[in-house]
Amino acid sequence: MQEMTFVGSGVVVPFGRRVLTGVVTEHAEEGDLSGIEPKNVVDLIDLEPVVTAEQLRLTRWISDYYLCSWGEAIRAALPPGIDSVSQDRVARRPVVEPKDLDELQRAILQHIPEKSDIGVKALKRLVPDFSRARLRTLESLGLIEMKTVLRRPLARLRRILFVRLNPSAPATPPGGERQKTVLSLLGKAADDGLDALPQPELLQRSGAASSTLKRLAELGYIEIESREIDRAESVIIESEAPKPIELHASQIRALEAITTSIESGGYETFLLHGVTGSGKTEVYIEALKIVRER
């Protein structure tokens with residue numbers, strides 16, 4: 001398992017009595033582990049690294065600049081549903097129940113299924129006076145078995161609606177302009193080799209509503225189906241380029257000062273002072289465009 005981990009790999013590792021998800025940030029040599037007891041990696045999140053070297057550098061900078069832990073910054077950069085966590089569960093052993101149990105111990109046993117197990121958190125909700133000390137006593141008596149299980153990451157797959165032309169569509173085009181626009185976009189996508197378009201993208205590009213698609217499907221012009229996609233994959237929604245922002249004199253002066261600093265390659269802090277609605281955000285946006293172009 002250790003040999004399969006790379007810098008950026010998501011791994012499941014022991015942490016006290018629990019197992020948690022972590023990210024490999026570097027490989028240490030044996031000589032660097034003086035006085036430290038290494039533990040084995042329990043499992044891999046994926047065969048491929050979950051963060052790139054560039055993301056590790058960025059999150060490290062974020063950690064230093066914003067005074068947060070590196071782990072918090074990496075967690076914020078990861079897609080949702082990637083964590084694995086441990087869960088404590090309890091199962092009954094097939095033995096005769098001793099007669100000298102107290103009332104609380106009997107209540108705990110009664111709420112543990114005979115042929116399955118139950119989570120400790122669920123057991124605590126069922127038995128108000130529950131305590132882990134009571135569980136350890138029951139375990140020492142050989143009545144129950146406590147185990148820590150790994151809950152796999154939340155499903156990386158999600159479902160999204162895709163829309164495509166119906167091969168058996170009526171020959172006569174529909175009457176609505178939005179409907180015609182939808183069919184035109186789907187036809188262009190088909191010419192480009194795409195069998196379908198994500199519904200959110202189609203709605204945004206056509207300006208149509210979901211009711212328009214529903215009506216087209218009822219009339220037999222299109223087909224709508226739900227597909228699974230990986231959460232790590234992006235569904236790109238294309239849209240028309242926004243109209244250029246027309247800056248006023250104060251915004252231009254601020255942007256020129258920021259641009260001069262950007263082009264010098266140095267680091268400088270700027271404070272934009274203005275009332276709400278004075279156009280500070282537009283200056284941020286134009287400055288970001290310049291940085292991105294570089």
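The shown structure was predicted, so the numbers you read here are calculated from the model rather than taken from an experiment. Atom set for the values below is all heavy atoms of this structure, side chains included, hydrogens, waters and symmetry mates excluded.
- Paired with V90 under the rule side-chain contact (heavy atoms from CB on, under 4.5 Å), one option of V120, L109, D117 passes, and it is V120.
- Taking CD of Q204 as the start and CG of L185 as the end, the distance is 11.5 Å to the nearest 0.5 Å.
- Checking each of L272, T260, L247, I285 against L255 for a side-chain contact (heavy atoms from CB on, under 4.5 Å) leaves exactly one that passes, namely L247.
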Evaluate salt bridge (charged side-chain N to carboxylate O under 4.0 Å, His left out) for K289 paired with E286, printing each intermediate quantity in order. CA-CA 5 Å; K289 288 180 182 177; E286 293 304 303; 3.1 Å; yes
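- Using a 4.5 Å cut-off on side-chain heavy atoms (C-beta onward), P170 and L219 make no contact.
- R57 has its side chain out of reach of W61: every pair of non-hydrogen atoms, C-beta onward, lies at least 4.5 Å apart.
- Residues P49 and V7 form no side-chain contact, since every pair of their non-hydrogen atoms from C-beta on lies 4.5 Å or further apart.
- Open room surrounds NZ on K214; 12 or fewer heavy atoms of other groups in view lie less than 6.0 Å from it.
- The neighbour count for K280 NZ, taken as heavy atoms of other residues, nucleotides or ligands under 6.0 Å away, is above 12.
- Remark: R93 CZ to E145 CD distance equals 5.0 Å, nearest 0.5 Å.
- Around the NE2 atom of H273, the shell of radius 6.0 Å holds no more than 12 heavy atoms that belong to other residues, nucleotides or ligands.
- Using a 4.5 Å cut-off on side-chain heavy atoms (C-beta onward), I74 and L56 make contact.
- Side-chain contact annotation: R215 with T212, donor-acceptor N/O pair under 3.5 Å absent.
- Here the straight-line distance linking atom CG of L67 with atom OH of Y65 works out to 10.0 Å at 0.5 Å rounding.
- In this structure, the side chain of D102 engages the main chain of L104 through a donor-acceptor pair within 3.5 Å.
- Checking side-chain atoms of Q55 against main-chain N and O of A77 turns up no donor-acceptor pair under 3.5 Å.
- When the shell of 6.0 Å around CD of E218 is examined, it contains more than 12 heavy atoms from other residues, nucleotides or ligands.
- Around CD of E103, the count of heavy atoms belonging to other residues, nucleotides or ligands within 6.0 Å does not exceed 12.
- Q179 places none of its side-chain heavy atoms less than 4.5 Å from the side chain of P173.
- Between the S63 side chain and the C68 main chain, a donor and an acceptor come within less than 3.5 Å of each other.
- Using a 4.5 Å heavy-atom cutoff, the side chains of R205 and L197 are in contact.
- Interatomic distance, CD1 of I290 versus OG of S261, reported as 11.0 Å (0.5 Å rounding).
- Within 6.0 Å of the CZ atom in F15, the count of heavy atoms belonging to other residues, nucleotides or ligands does not exceed 12.
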What do the steps show when you test S250 against R253 for side chain to side chain donor-acceptor pair (under 3.5 Å), and what is the final call? CA-CA 5 Å; S250 297; R253 287 196 299 272; 3.2 Å; yes
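- Rounded to the nearest 0.5 Å, atoms CG (L213) and CG (L161) are 9.5 Å apart.
- The side-chain heavy atoms of L101 and L143, taken from C-beta on, include a pair separated by under 4.5 Å.
- N166 and G220 get closest at one heavy-atom pair: ND2-O, 2.9 Å.
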Worked check of side-chain contact (heavy atoms from CB on, under 4.5 Å) between L123 and H111: CA-CA 7 Å; L123 193 57; H111 285 90; 3.7 Å; yes
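- No side-chain heavy atom of V13 sits under 4.5 Å from any side-chain heavy atom of K39.
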